[in-house]
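For the numbers below, each heavy atom of this structure counts, side chains included, while hydrogens, waters and symmetry mates do not. Proteins come first, then strands; the chains are lettered A, B, ... in the order of their sequence lines, and each starts at number 1.
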Protein chains: 4
Amino acid sequence: MSNTTMPIELPAQEKPAVFTAQRLVRFSDCDPAGMVFYPQYFVMLNGLIEDWFTQALRVNYATLLGPRSIGLPMASLQCDFKKPSRMGESITFHLRLLRQGNRSLTLSLRCNGTLAPQTLRWSAEFVIVTTSLASGLSISIPQDIAHGIARWRTLSEEST
Amino acid sequence: MSNTTMPIELPAQEKPAVFTAQRLVRFSDCDPAGMVFYPQYFVMLNGLIEDWFTQALRVNYATLLGPRSIGLPMASLQCDFKKPSRMGESITFHLRLLRQGNRSLTLSLRCNGTLAPQTLRWSAEFVIVTTSLASGLSISIPQDIAHGIARWRTLSEEST
Amino acid sequence: MSNTTMPIELPAQEKPAVFTAQRLVRFSDCDPAGMVFYPQYFVMLNGLIEDWFTQALRVNYATLLGPRSIGLPMASLQCDFKKPSRMGESITFHLRLLRQGNRSLTLSLRCNGTLAPQTLRWSAEFVIVTTSLASGLSISIPQDIAHGIARWRTLSEEST
Amino acid sequence: MSNTTMPIELPAQEKPAVFTAQRLVRFSDCDPAGMVFYPQYFVMLNGLIEDWFTQALRVNYATLLGPRSIGLPMASLQCDFKKPSRMGESITFHLRLLRQGNRSLTLSLRCNGTLAPQTLRWSAEFVIVTTSLASGLSISIPQDIAHGIARWRTLSEEST
């Protein structure tokens with residue numbers, strides 16, 4: 001199989017598909033300053049990606065990383081932390097797919113307060129790669145993931 | 001104020017009040033064996049207690065530990081781990097109040113698989129103490145918590 | 001192979017073997033009250049058991065749980081939390097082997113402040129079981145672990 | 001006090017100061033794939049910054065974030081993850097100061113395997129800001145931190 005990367009530049013959408021979830025900031029997320037300890041934001045982000053796969057793409061994340069031995073490691077990550085989030089607050093995550101490569105997905109995240117004025121807490125842009133957990137090498141995006149993405153984008157367009 | 005402890009032996013209930021919650025076992029909960037790493041069970045348990053306070057007792061947990069500076073530290077803990085829980089499973093937590101002291105609550109936890117046959121994963125009995133975060137000393141259980149517990153137990157009795 | 005359990009009651013030692021380690025309480029260990037969040041104590045305890053295996057018993061923990069697919073899950077646990085530990089403190093862990101079963105080890109832990117007056121922070125007694133990660137079933141304690149324990153106890157007796 | 005930012009462009013050094021530390025990859029750092037779960041890398045990075053402050057700059061990190069109520073939040077972060085790190089490996093962190101602003105520090109991190117061939121695992125560039133935990137606003141870098149940095153850079157130059 002060819003190794004050549006021919007990334008799919010996602011066609012512009014008026015309202016690009018977004019996967020949204022809310023989360024309570026818990027005691028266990030917070031540091032001695034009473035704010036979310038930022039590594040915990042990445043634990044939340046991993047949960048968001050899990051739910052995006054299982055709920056939106058209809059590809060079971062636990063089966064993917066378990067029996068199917070397909071990994072989704074973070075390859076690169078760029079974040080800005082704007083305002084702290086505090087214990088007891090609800091925060092909302094917005095996940096968008098920016099670019100679909102042959103072996104990788106580029107996504108963006110915005111996390112803001114759930115309540116008005118919904119201040120931005122942090123934002124990120126990152127790349128995850130599909131890999132074989134056996135070989136540790138990158139693999140083409142599995143078909144069910146590609147189909148799941150296509151369906152999710154279509155459904156999202158229709159619902160706007 | 002008297003320091004004497006006069007624990008309330010909770011009157012026997014035919015169906016004692018129980019606070020129940022479900023939780024997906026996530027990738028981030030699991031160890032290299034693909035099972036929940038047990039310290040993570042205690043992070044889940046802390047979240048369950050948070051939700052019991054805020055949802056069932058109607059005492060805002062974040063306000064309690066934040067502005068009100070009242071702590072709820074674990075004083076003692078006894079657990080048995082029976083079966084592992086794996087990534088992607090749903091597990092259910094059942095929290096019961098066993099004994100209400102002047103300055104402490106004794107609770108039990110049962111955690112089982114959500115789906116039949118609902119195998120027991122782990123169980124615990126533990127004591128949490130109400131403390132002043134300023135002094136570090138134990139304090140009497142605040143009135144709103146005591147009222148919240150009484151209301152929760154009554155509502156729970158009526159609903160059976 | 002017989003399944004019968006004939007636990008080795010460890011012969012009384014005047015000064016029973018103890019594995020000791022120190023640890024700085026870090027920002028990431030602490031909760032919004034500035035104290036160690038107790039689930040983090042169990043992460044520390046797991047690290048202590050790792051070091052006891054690798055350094056004292058000379059059985060490589062990572063090889064055991066990785067290539068050798070032998071698990072060491074916690075089966076039961078009893079703890080008392082006496083005093084909080086705060087960010088920046090050094091705390092000391094003392095691990096003792098209380099009982100060596102055919103398929104399990106019963107251990108005790110004492111954790112105190114490193115500096116005088118070395119106040120007790122928490123103590124625990126717990127049972128870990130040797131298991132096959134493939135089958136999930138308990139297995140006899142592997143010979144190298146049994147030998148490692150015997151050598152560690154002898155060396156420890158000689159050094160007193 | 002003036003709010004104007006006049007960043008100190010650090011003078012070029014032939015061998016810029018570097019703070020180095022090693023760390024065992026523990027069971028508790030790893031995910032179901034047996035590799036470091038990347039949020040845990042940021043917990044390690046926070047520990048590295050703690051040790052850089054306390055050991056290299058001689059500014060007690062716990063006192064800074066505790067009694068002195070000065071925060072050091074992450075403001076922005078850019079990382080590349082190159083190779084996984086596995087349970088039982090030793091990894092080495094190299095921290096370098098790239099730029100000293102009036103209210104922020106820009107640092108770089110390289111993390112590689114400790115043993116030859118010391119493959120790069122991940123690298124990062126990030127900005128931390130000095131803040132007042134009371135007001136949540138940025139503050140000028142405290143003098144003892146500025147002095148600590150100057151001394152560390154000088155000592156490091158002399159030792160080359």
Going by heavy atoms in the side chains, are D51(D) and L24(C) under 4.5 Å from each other? yes

Just checking R110(D): does its CZ atom have more than 12 heavy atoms from other residues, nucleotides or ligands closer to it than 6.0 angstrom? no

Could you grab the distance from atom CE of M44(C) to atom OG of S28(D), nearest 0.5 Å is fine? 10.5 Å

With heavy-atom distances below 4.5 Å as the criterion, would you say the side chains of T63(C) and M87(D) are in contact? no

Per the side chain to side chain contact (heavy atoms under 4.5 Å, CB included) rule, which among V43(D), L65(D), L72(D), I49(D) passes with F27(C)? L65(D)

Top residue by heavy-atom pair count (under 4.5 Å) with chain C, among G88(D), G34(D), G47(D)? G47(D)

May I ask you to check whether over 12 heavy atoms, not counting those of R26(D), lie within 6.0 Å of atom CZ? yes

